[in-house]
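For reference, the structure discussed in these notes is given below.
Reckoned from all heavy atoms, side chains included, excluding hydrogens, waters and symmetry mates. What you see is a predicted model; the values in this text were computed from it and never measured.
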Protein chains: 2
Amino acid sequence: MGLAKTEIFTDLQNEIAVIAKAFGHPARVAILQHLFKMDTCVCGDLVNEIGLAQPTISQHLKELKLLGLIKGNVEGTSVCYCIDGENWTKMKAIIMQFLDQDISKTDCC
Amino acid sequence: MGLAKTEIFTDLQNEIAVIAKAFGHPARVAILQHLFKMDTCVCGDLVNEIGLAQPTISQHLKELKLLGLIKGNVEGTSVCYCIDGENWTKMKAIIMQFLDQDISKTDCC
DNA sequence: TTTGTTTATTGCAATATTACGATTAATAAA
DNA sequence: TTTATTAATCGTAATATTGCAATAAACAAA
């Protein structure tokens, strides 16, 4: 039905999924990479860097902000975005822990 | 339009997004966790463990298999799934590298 | 105030995803 | 062969996502 049955999963499972979903679109990956690469905070030139229309970028930024991965700061008419270091570290840890499970056992298939 | 403009992004950006998308649903997270937890390969009891219908689980398994994260082995009437260790390690590395960018700079927002 | 610049929001179309009932396919067992 | 068991596939409904044109909102500068 296009709607995930979140209630049958653990909080952690849902949390991992929500975070992963944020990384699940190349535009958002590109935005995050760009915010990392730049020393200074980039603002709306993301629209120029990435080849998507301004409303589309704005929408992706909104999602990332809502999740807490980035922060936005109004500076005059433009908005300066950057990684939210604290939250990034937290979410990184959650994903890393999930990815870092042991596969010591020899493949059984 | 519901369709990502993959052609304007780098291969790596698209790759990260595709892998992350696989983790972007709690059912697939649960399946992977279960396959890791079990010493032996679990098969269709994933349907019982997770509270989703058999066709739904089968569909999620298909996605994970298509991406290469898991392997399936027919054993009589049932199918035995397990993590594809080699691919898992590869994809883990890709995601880890993406997550592990430095946020040494003080927040600018 | 008017004008320009930048970003957010709205509304909508196209496509994707999720979920499952019904069915099929494949194999094992009787 | 018939029957049971298990998993895949098909078809479909409901919802989500992506993208953008048009517009609005917010602010700076003239």
Under a 3.5 Å distance rule, please check whether B:D84 uses its side chain to pair with a backbone N or O of B:K71 as donor and acceptor.
no

In whole angstrom, what separates A:L64's CG from D:dT17's P?
13 Å

So do A:I95 and B:L99 actually touch side chain to side chain, heavy atoms under 4.5 Å?
yes

Separation of D:dA8 C1' from B:L46 CG (nearest whole Å):
15 Å

Under 4.0 Å between a side-chain N or O of B:H60 and OP1 or OP2 of C:dT17?
no

Interatomic distance where CD1 belongs to B:I57 and C1' belongs to D:dA7 [whole Å]
12 Å

Atom pairs, N/O to N/O, protein against nucleotides 6-11 of chain C, distance under 3.5 Å?
| from | atom 1 | to | atom 2 | distance (Å) |
| --- | --- | --- | --- | --- |
| C:dT6 | O4' | A:T77 | OG1 | 3.4 |
| C:dT7 | OP1 | A:G44 | N | 3.0 |
| C:dT7 | OP1 | A:V79 | N | 3.4 |
| C:dA8 | OP1 | A:Y81 | OH | 2.4 |
| C:dA8 | OP2 | A:S58 | OG | 2.8 |
| C:dA8 | N7 | A:Q54 | NE2 | 2.6 |
| C:dA8 | N6 | A:Q54 | OE1 | 2.9 |

For D:dA16, does either OP1 or OP2 sit under 4.0 Å from a side-chain N or O belonging to A:K21?
no

Given atom CG of B:N48 and atom P of D:dA7, what is their separation to the nearest angstrom?
9 Å

From NZ of B:K5 over to C1' of C:dA14, roughly how many Å is that when rounded to an integer?
13 Å

A:N73 CG to D:dC27 P, in whole Å, measures 13 Å

Rounded at 0.5 Å granularity, tell me how far CD1 in B:I16 sits from NE2 in A:H25.
14.0 Å

Gap between atoms CZ and C1', on A:F9 and C:dA19 respectively (whole Å):
11 Å

Separation between CZ (A:F36) and CG (B:D100), nearest 0.5 Å, reads 9.0 Å

Taking A:I94's backbone N and O only, do any of them form a donor-acceptor pair with A:Q97's side chain (distance below 3.5 Å, no angle check)?
no

Return each pair, listed once, that meets side-chain hydrogen bond (donor to acceptor under 3.5 Å, both in side chains) where at least one residue sits in residues 49-61 of chain A; pairs must be two or more places apart or across chains.
A:R28-A:H60

Taking atom C1' of D:dT5 as reference, at what distance in whole Å does atom CD of B:E75 sit?
15 Å

